[in-house]
Amino acid sequence: MKFYDSLDKKKKNLNLNNNKITIYVCGVTTSDYSHLGHAFSSMVFEVLHKYLEYKKIKVTRIQNFTDVDDKIIDKAKKEKLTMHQVSEKYINAFIQDMDKLRIKRADFYPRATDEISNIIDFIKKLEIKGFTYNLDGSVYFKVNNKEDYGKLSRRDLNNIVQGTRVEIEEKKQHPGDFALWKKSKEDEPFWDSPWGRGRPGWHIECSSMVMSNFGNSVDIHGGGLDLLFPHHENEIAQSEAISGVRFAKFWMHNGLLKISGDKMSKSTGNLIRLRDALKIHSPNSLRLWMLSSHYRNPIIYDRENILAQSKALRRLREATLISNMGKSHSGFSINKYREIFEKYMEDDLNTPKALSVLFDLSREINKLSTLGNDILGPQRLLKELAMILGLNLNEDQERENEDIDEAYIDDLINKRNKFRKNKLFKEADETREQLKKMGIEIRDSQEGTVWKKIN
RNA sequence: GGCGACGUAGCCAAGUGGUUUAAGGCGGGGGUCUGCAAAACCUCUAUUCGGCGGUUCGAAUCCGCCCGUCGCCUCCA
């Protein structure tokens, strides 16, 4: 099983201890509703999780909530709520929205505010080792004391600031130094610490959570590519400054989601909320769309593309819905498809290729069915493999059949079939048109007439 | 200015030295089936991988230059 490691810049073999694996994924700052980029990132590592589990590997996946930060504090002031209330609201929304997308939940969702005492201990250790300095009640990490700083993002400390738009805090010893502990201003939430009242800096919570849950090193550390610098670079610096060992065996970064060529991000307001996307797209179509490009590549939001995926989805679903009338066995090897699927998944999570196996399998099922073969096994395999990718091939069918007067539809279908029996085709076609106007498409087959809702 | 990614058919998107004279999906053409449809199946739809050079017996795949798009260097999945 090979995955691309952003630090070593190559695909590496995943070696396991006792068939166990630990995964830490950087979660969201709880200052707003989650957007599609969050969904994409969460889904990538969820699919990884599910695949490993399918391979009988014991996975522990943690995804954090950053529930203390400037934006949350601002929002709380504006809405006259406490920081905690704001966070609570968006944490609940996150869970709700991700559930709807059928993202299997992580094992734990630790919050920064529950981690404070560990964080303080962490900073104390860094202090003892001489990696920090105090500046007006805030504590900073000395980037110059970490000789390999910049190894993840290939950055050189000497020109790390040149040409940037960063306003350099003149007091910092080095422009790259970052806050471990921020002194709190008046009317801001705070925690007592050896350095006075304040709150943790952004990067420290992830290091602390990894270490308090997994020890000095985690197997896979994931997140969006936008976190590579400075967030993950800083995590490495502070963690390895303490432990002296490699912080994450694998750094996995998903590509960023874009809207008409530009990154989806909070700063520009250029984003689509997951809950809004779910109003016009089914979970399956959204997932199929996200899975149809490789996780490390950027993906551009485009309604037409997602719509195309929902049509593709039908192909898969139809193949699982064919009644199994066949008796004979074709000598068809389902293991071949399973093996190819696994081969692609284990090659750095190549979901586009893995999906192609599902489509090939669907075609095979249709062919076998026409030839009168037993298709139960292949159908089960199709559903099983799709489920690893979070595609529920029964779900949309059920969903589409909601809110429909089935008895009325059955009446019309019976009526049409009587017309057909009596060769009154004109009347039969009119009835079919009537159904179509209601959004119902029908299909005649040997087993009778079946119908489904169309969009 | 520094670091990095990408550019493959009408569209989306894999492939990163020979097994690929390039997966899969959407769209489109033709056919089979059907009273007609739908679905399904068969078949066609890039002799070619941004451009130009180079390395090699052999390149979409490696190297160089150029053009274009984007990301990070600021909170960000």
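Residue numbering restarts at 1 for every chain, and letters A, B, ... go by the order of the sequence lines.
In this structure, A/N254 does not reach the B/rA77 phosphate: none of its side-chain N or O atoms is under 4.0 Å from OP1 or OP2. For the OP1/OP2 pair of B/rC42 and a distance below 4.0 Å, the side-chain nitrogens and oxygens of A/K367 include at least one atom meeting the criterion. In this model, the phosphate group of B/rG24 is not approached by any side-chain N or O of A/R315 to a distance below 4.0 Å at OP1 or OP2. In this structure, A/R363 reaches the B/rG25 phosphate: one of its side-chain N or O atoms is under 4.0 Å from OP1 or OP2.
Between the side chains of A/T30 and A/D67, no donor-acceptor pair is found at a separation under 3.5 Å.
When rounded to the nearest whole Å, the span between CD of A/Q309 and P of B/rG24 equals 15 Å. Taking atom NZ of residue A/K343 and atom P of nucleotide B/rG15, one finds them 12 Å apart after rounding to whole Å. Atoms NE2 (A/H294) and C1' (B/rG24) sit 16 Å apart, rounded to a whole Å. Taking atom OH of residue A/Y295 and atom C1' of nucleotide B/rA14, one finds them 15 Å apart after rounding to whole Å. For A/K426 and B/rC36, the NZ to P distance is 19 Å, given to the nearest whole Å.
In the set B/rC36, B/rG25, B/rA77, B/rC36 carries the atom at the smallest distance from any side-chain atom of A/D429. Considering only side-chain atoms of A/R420, the nucleotide from B/rA23, B/rC36, B/rG2 that sits closest is B/rC36. Between B/rA13, B/rC12, B/rA39, one nucleotide has an atom nearer to the side chain of A/S293 than all others, and that is B/rA13. Nearest to the side chain of A/F229, among B/rC73, B/rG35, B/rA14, sits B/rC73. Out of B/rG25, B/rG24, B/rG35, the shortest distance to the side chain of A/R416 is found at B/rG35. Relative to the side chain of A/N305, the nucleotides B/rA23, B/rG71, B/rC12 differ in distance, and B/rC12 lies closest.
With salt bridges taken as basic N to acidic carboxylate O contacts below 4.0 Å, none links A/D70 and A/K75.
Using a 30° and 60° split on the angle between ring planes, A/F178 and A/F141 fall in the parallel class, below 30°. Below 30°, between 30° and 60°, or above 60°: for A/H221 and A/F247 the angle between ring planes is between 30° and 60°, a tilted geometry. Ring geometry for A/Y33 versus A/Y90: interplanar angle over 60°, hence perpendicular rather than tilted (30 to 60°).
A donor and an acceptor atom sit less than 3.5 Å apart, one in the side chain of A/D444 and one in the base of B/rC36. If you check distances only, the side chain of A/N297 never reaches the base of B/rG71 with a donor-acceptor pair under 3.5 Å. In terms of polar N and O atoms assigned as donor or acceptor, the side chain of A/R432 comes within less than 3.5 Å of the base of B/rC36 in a complementary pairing.
Looking only at distances, a side-chain donor or acceptor of A/S282 sits under 3.5 Å from a matching main-chain atom of A/S285.
With centroids closer than 5.5 Å and planes inclined by less than 30 degrees as the test, A/F425 and the base of B/rG35 pass as a stacked pair.
Between B/rA46 and B/rG4, the distance separating the two C1' atoms is 29 Å to the nearest Å. Here, B/rG17 and B/rA59 have their P atoms 14 Å apart, quoted to the whole Å.
Residue whose closest nucleotide on RNA chain B sits further toward the 5' end, between A/K11 and A/P230: A/K11. Comparing A/E364 and A/S41 against RNA chain B, the residue whose closest nucleotide sits nearer the 5' end is A/E364.
Looking at RNA chain B, the stems built from 3 or more consecutive Watson-Crick or G-U wobble pairs, each pair with its key distances under 3.5 Å, are B:1-7 with B:67-73, B:10-12 with B:24-26, B:27-32 with B:40-45, B:50-54 with B:62-66.
The two residues A/F229 and A/S153 come nearest to each other via the heavy atoms CD1-OG, 3.1 Å.
Aromatic pair A/Y295/A/F40: centroids not less than 6.0 angstrom apart.
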